[in-house]
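A short write-up of the structure that comes next.
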Amino acid sequence: MAGGKWVYTFGDGKAEGEAGMKNLLGGKGANLAEMSNLGLPVPPGFTITTEVCTHYYDNGKNFPADLAGQVKVALAEMGRLTGKIFGDPANPLLVSVRSGARASMPGMMDTVLNLGLNDVTVEAVAKASGDARFAWDSYRRFITMYSNVVLDVDHGHFEEALEDYKERKGLHLDTDLSADDWKVLVGRYKDIVKKALGAEFPQEPQEQLWGAVGAVFSSWMNARAIKYRELNNIPASWGTAVNVQSMVFGNMGETSATGVAFTRNPSTGENALYGEFLINAQGEDVVAGIRTPQDITEVARQAAGSDKPSMEKAMPAAYAELCRIYGILEKHYRDMQDMEFTIQEGKLWMLQTRSGKRTAKAALRIAVDLAQEGLIGEEEAVGRVEPGALEQLLHPAIDPKAERRVLTTGLPASPGAAAGEIVFNSDDAEAARKTGRKVILVRVETSPEDIHGMHAAEGILTTRGGMTSHAAVVARGMGKPCVSGAGQIRVDYAKGTMTVGPTTLRAGDFITIDGTLGQVLLGEVKMQQPELSGDFGILMGWADKVRRLKVRANAETPRDARAARDFGAEGIGLCRTEHMFFDEDRILPMREMILASDDKGRRDALAKLLPMQRQDFVELFTIMQGLPVTIRLLDPPLHEFLPHTEEEVAEVARAMAVTPDVLRRRAAELHEFNPMLGFRGCRLAVAYPEIAEMQARAIFEAAVISARETGKPVIPEVMVPLVMGVAEFDLVKARIDAMAKAVISESKTELTYQVGTMIELPRAALRAEEIARSAEFFSFGTNDLTQTTLGISRDDAGSFLGSYTAKGILEFDPFVTIDQEGVGELVKLAVERGRRSRPRIKLGICGEHGGDPASIGFCESIGLDYVSCSPFRVPIARLAAAQAALGAIKAKDA
Ligand code: ADP
Ligand code: MG
Ligand code: MG
């Protein structure tokens with residue numbers, strides 16, 4: 001690649017590059033060019049392209065032959081614009097060398113400022129500026145930075161020397177040092193370098209420049225940068241660019257300064273300039289925390305109660321200029337900007353601009369404001385907020401000002417924060433709740449029998465289990481904060497204590513958990529409640545306008561159903577009926593039903609369950625006000641309902657009038673080696689049709705009652721789980737239809753309903769064409785479909801799945817983001833085959849993937865009708881569905 005263009009200049013109101021050339025010039029270089037083109041004050045300079053970086057690594061760390069010539073020309077042009085000459089002993093041009101990849105990348109080389117200074121040019125700078133202190137301050141900064149980032153001499157040595165010097169002289173601040181002080185220190189710094197390297201600090205500006213350029217390119221392959229790219233999916237082939245720019249000086253006394261500013265507040269989104277600056281300082285002094293920076297605006301200064309003057313007061317002209325420029329930049333980029341600037345003797349210079357990072361709250365407000373100001377369209381605003389980030393807004397969070405006393409850290413299993421008294425079992429949680437106390441349920445791990453305790457608790461903490469453990473999945477479903485796998489905690493159920501190192505807490509002590517960060521905190525920490533109106537409501541409204549996919553919720557309790565509606569769900573896509581049987585007053589008849597030795601016993605027990613089940617559905621239908629509700633027949637393995645303790649066995653035996661021994665034997669018969677693939681799903685209905693009949697009756701009777709009460713017709717969707725083919729489905733459907741007929745004739749009411757199935761076994765996906773002849777809808781149960789397609793049990797995946805994603809065998813956790821190539825392929829195939837026999841078959845997804853933005857994109861692409869997810873993810877799904885629809889429109893246009 002000889003004869004390429006390796007160097008792009010900028011400055012003096014023009015540039016060879018522009019903002020669209022980020023791939024070639026890096027983000028910083030492209031935006032410096034853009035700002036120059038806009039006529040903003042940018043110190044002139046040039047960008048060495050990312051292609052040089054690629055060339056450098058492809059050619060044994062050598063530069064292209066014609067690079068040096070192009071750099072020479074560009075340096076000369078910089079000299080012409082600034083009236084100085086790089087390397088000239090009398091009139092030296094000083095430059096900064098700055099790295100800049102396409103995406104801003106911590107881990108890359110730090111910037112070197114004041115390059116070109118040496119023992120001779122420092123005197124020239126002192127003379128020209130009439131400020132020896134400034135010249136020597138700049139030189140010592142240069143030696144420190146260059147030694148640290150290019151020569152790899154630890155900056156700790158320089159800091160020590162400086163501290164030592166200040167101490168002996170009784171000086172406190174760096175700004176207290178005089179020219180002579182710095183001069184002495186420069187001598188010491190050079191000695192430090194010599195001692196470390198066995199060579200003099202490089203005096204030759206050309207050598208300094210190429211050393212710095214080489215260091216930037218080398219830093220592309222340092223461990224920090226490689227790690228960062230790995231974590232953020234940035235390919236190594238992108239390379240970094242290098243920016244060489246003439247220096248402007250914020251350290252030339254009281255009329256000079258350096259600062260950073262955001263065009264809007266990055267944490268609240270408020271439309272007001274926000275930032276900090278430091279007088280008589282250079283480069284990153286502001287962020288380095290050497291001195292406390294000052295506020296830019298007077299309003300901010302007053303709010304902070306600071307006695308240091310704002311930039312608005314101290315440097316009104318430069319402040320006015322900054323305001324003028326930020327207005328231009330925001331209009332031009334049509335987004336909130338994060339800017340870096342320096343003021344040299346009253347004149348403001350722009351050194352960087354980019355789209356600013358922001359909190360979810362700010363992202364929302366800024367997107368809405370920009371649209372309302374007419375800078376962007378509503379659809380663009382919808383695309384500006386990352387759906388997953390909404391999660392931060394939907395749950396109570398710990399007040400950012402509150403003090404955090406961290407006891408220990410586990411996995412951030414379910415976001416949001418909660419505080420309460422410690423309880424160690426679910427019954428205690430429920431009892432406490434009834435007396436109005438708030439509790440955190442602390443368990444080694446949870447099981448389906450803890451559902452009532454999890455419901456009663458504000459949050460859940462487990463010492464074992466990963467992100468997809470029972471506790472984590474159920475907590476996310478309930479929208480409750482959960483920290484799982486906090487392995488440093490020892491729980492002693494017998495004593496009622498939990499211990500971390502020297503700290504022991506007892507039941508009744510207060511803790512706070514932060515499920516967003518995975519922290520366990522001591523005491524009751526102050527919270528902030530989510531705000532769902534205002535900007536949130538407006539943006540969601542815009543999202544709903546462009547969205548094609550409907551969004552339903554997975555919900556079974558009235559509380560969840562209400563939350564789902566509040567969050568904008570358009571129906572229930574999955575009502576799991578088994579959760580309804582774990583309640584205290586229901587588990588007993590449930591157990592009687594399971595353990596009954598004959599039909600009659602089963603029917604008696606079911607008769608006790610029917611009214612309770614019917615009441616559940618009446619409540620649910622009434623809350624949903626005629627919106628569609630999909631109810632899944634009993635699904636989990638029967639053994640999950642079995643009595644465990646001696647006490648429980650005795651209780652059930654008494655109720656059934658048999659001996660505990662008989663019961664134990666029956667329970668042993670139901671034992672399974674692999675319950676996930678065992679006696680569950682529609683297999684229960686095939687073996688014991690009475691169960692399905694009872695549930696169907698409860699559903700239909702409830703539909704009749706609720707329709708009468710609300711005046712809104714209910715169209716229940718009865719869903720048969722885990723079918724592998726049409727024969728099973730038909731068998732169960734016949735029972736459901738018969739029950740519907742019975743209820744219709746008993747109640748003398750018309751009733752519309754649908755019977756459909758979950759597609760959660762590969763065989764069902766393959767036989768979808770036949771199944772769809774009988775089934776009126778498919779709901780893809782992608783949790784089980786993932787387990788059965790990959791042959792991975794979700795509950796056991798924790799021990800190895802991490803290695804799979806780390807080694808790149810799987811790109812994502814397939815239980816979080818749908819495995820498009822495998823599971824997705826089966827879904828696609830089932831959609832096609834199902835539509836062959838029933839072109840308008842209703843299609844949805846109800847696995848955890850229904851709330852995952854990437855998976856929702858996939859659902860849009862294959863044309864499903866709806867996604868269903870846990871209530872708290874409904875807004876995320878609505879936004880993700882809108883973005884998927886916009887993406888689809890764009891793809892069609894292209
Ligand atoms: P980062 O990638 O860490 O933001 P920069 O390349 O932006 O690093 O440099 C950090 C800081 O150094 C800038 O914010 C600015 O204050 C200062 N700086 C960089 N180049 C110059 C220059 N030519 N003149 C004055 N200050 C500069
Ligand atoms: Mg910067
Ligand atoms: Mg399932």
Side-chain angles (χ1 to χ4, degrees), residues 9-12 22 25-33 35-36 40-48 74-75 78-79 81-82 84 86 92-117 125 129 134 137-138 141-142 144-146 148-150 209 212-213 215-216 219-220 224-225 228 240-252 256-262 275-288 290 293 318 322 337-345 347-357:
T9 60
F10 58 82
D12 196 30
K22 290 202 175 63
L25 304 179
K28 202 179 287 168
N31 285 331
L32 283 168
M35 285 197 290
S36 292
L40 301 181
V42 175
F46 59 87
T47 304
I48 303 175
L75 274 173
M78 274 163 79
L81 292 172
T82 56
K84 297 191 171 97
F86 185 69
L93 169 69
L94 303 186
V95 300
S96 65
V97 176
R98 322 170 63 185
S99 61
R102 277 193 217 183
S104 111
M105 242 181 78
M108 291 295 300
M109 191 198 85
D110 290 328
T111 297
V112 176
L113 303 178
N114 312 331
L115 188 140
L117 278 174
V125 169
S129 64
F134 151 69
D137 174 51
S138 302
R141 287 172 184 271
F142 171 54
T144 315
M145 284 184 265
Y146 194 89
N148 182 33
V149 305
V150 181
L209 177 65
V213 171
V216 173
S219 73
W220 182 249
R224 277 192 304 165
Y228 184 84
T240 180
V242 180
N243 300 289
V244 178
Q245 189 173 25
S246 53
M247 285 299 301
V248 288
F249 299 98
N251 56 337
M252 285 185 94
S256 301
T258 179
V260 294
F262 292 85
E276 296 176 325
F277 83 117
L278 265 181
I279 291 176
N280 197 9
Q282 191 177 41
E284 312 254 82
D285 287 2
V286 177
V287 279
I290 298 167
L322 181 62
Q337 295 294 297
D338 167 357
M339 308 168 295
E340 296 172 11
F341 63 89
T342 284
I343 299 159
Q344 176 176 332
E345 299 188 299
K347 175 162 171 64
L348 182 108
W349 295 91
M350 296 305 294
L351 292 169
Q352 192 169 337
T353 193
R354 60 185 158 194
S355 281
K357 294 223 171 355

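None of the values given here were measured: they were computed from a predicted structure. Throughout, residue positions are numbered sequentially from 1 according to the sequence presented. Every number for a ligand or one of its atoms is a count from 1 in the order of the listing.
The two residues A212 and Y146 have their closest heavy-atom pair at N-OH, 3.9 Å. Taking each heavy atom of F86 and L115 in turn, the nearest pair found is CZ-CD2, 3.8 Å.
The CG atom of L75 sits 7.0 Å away from atom CG of L93, with the distance rounded to the nearest 0.5 Å. In this structure, T47 OG1 and N243 CG are separated by 4.0 Å, a value rounded to the nearest 0.5 Å. Between the CE atom in M252 and the CZ atom in F134 there is a gap of 4.5 Å [rounded to 0.5 Å].
Listed as neighbours of ligand 1 are K28, S96, R98, T111, L113, Q245, S246, M247, V248, T258, G283, E284, E340, L351, Q352, each bearing a heavy atom under 4.0 Å from the ligand.
Environment of NZ in K347: crowded, with over 12 heavy atoms of neighbouring residues, nucleotides or ligands closer than 6.0 Å.
Here the Mg ion (ligand 2) has protein N, O or S atoms under 2.8 Å from it, and they come to 3.
In summary, the side chains of N114 and Q282 do present a donor paired with an acceptor at a separation below 3.5 Å, with no hydrogens or angles considered.
The side chain to side chain donor-acceptor pair (under 3.5 Å) test applied to S138 returns N251, not counting sequence neighbours. Listed by chain and residue number, nothing satisfies the side chain to side chain donor-acceptor pair (under 3.5 Å) test with S36 (two or more places apart in sequence, or in another chain).
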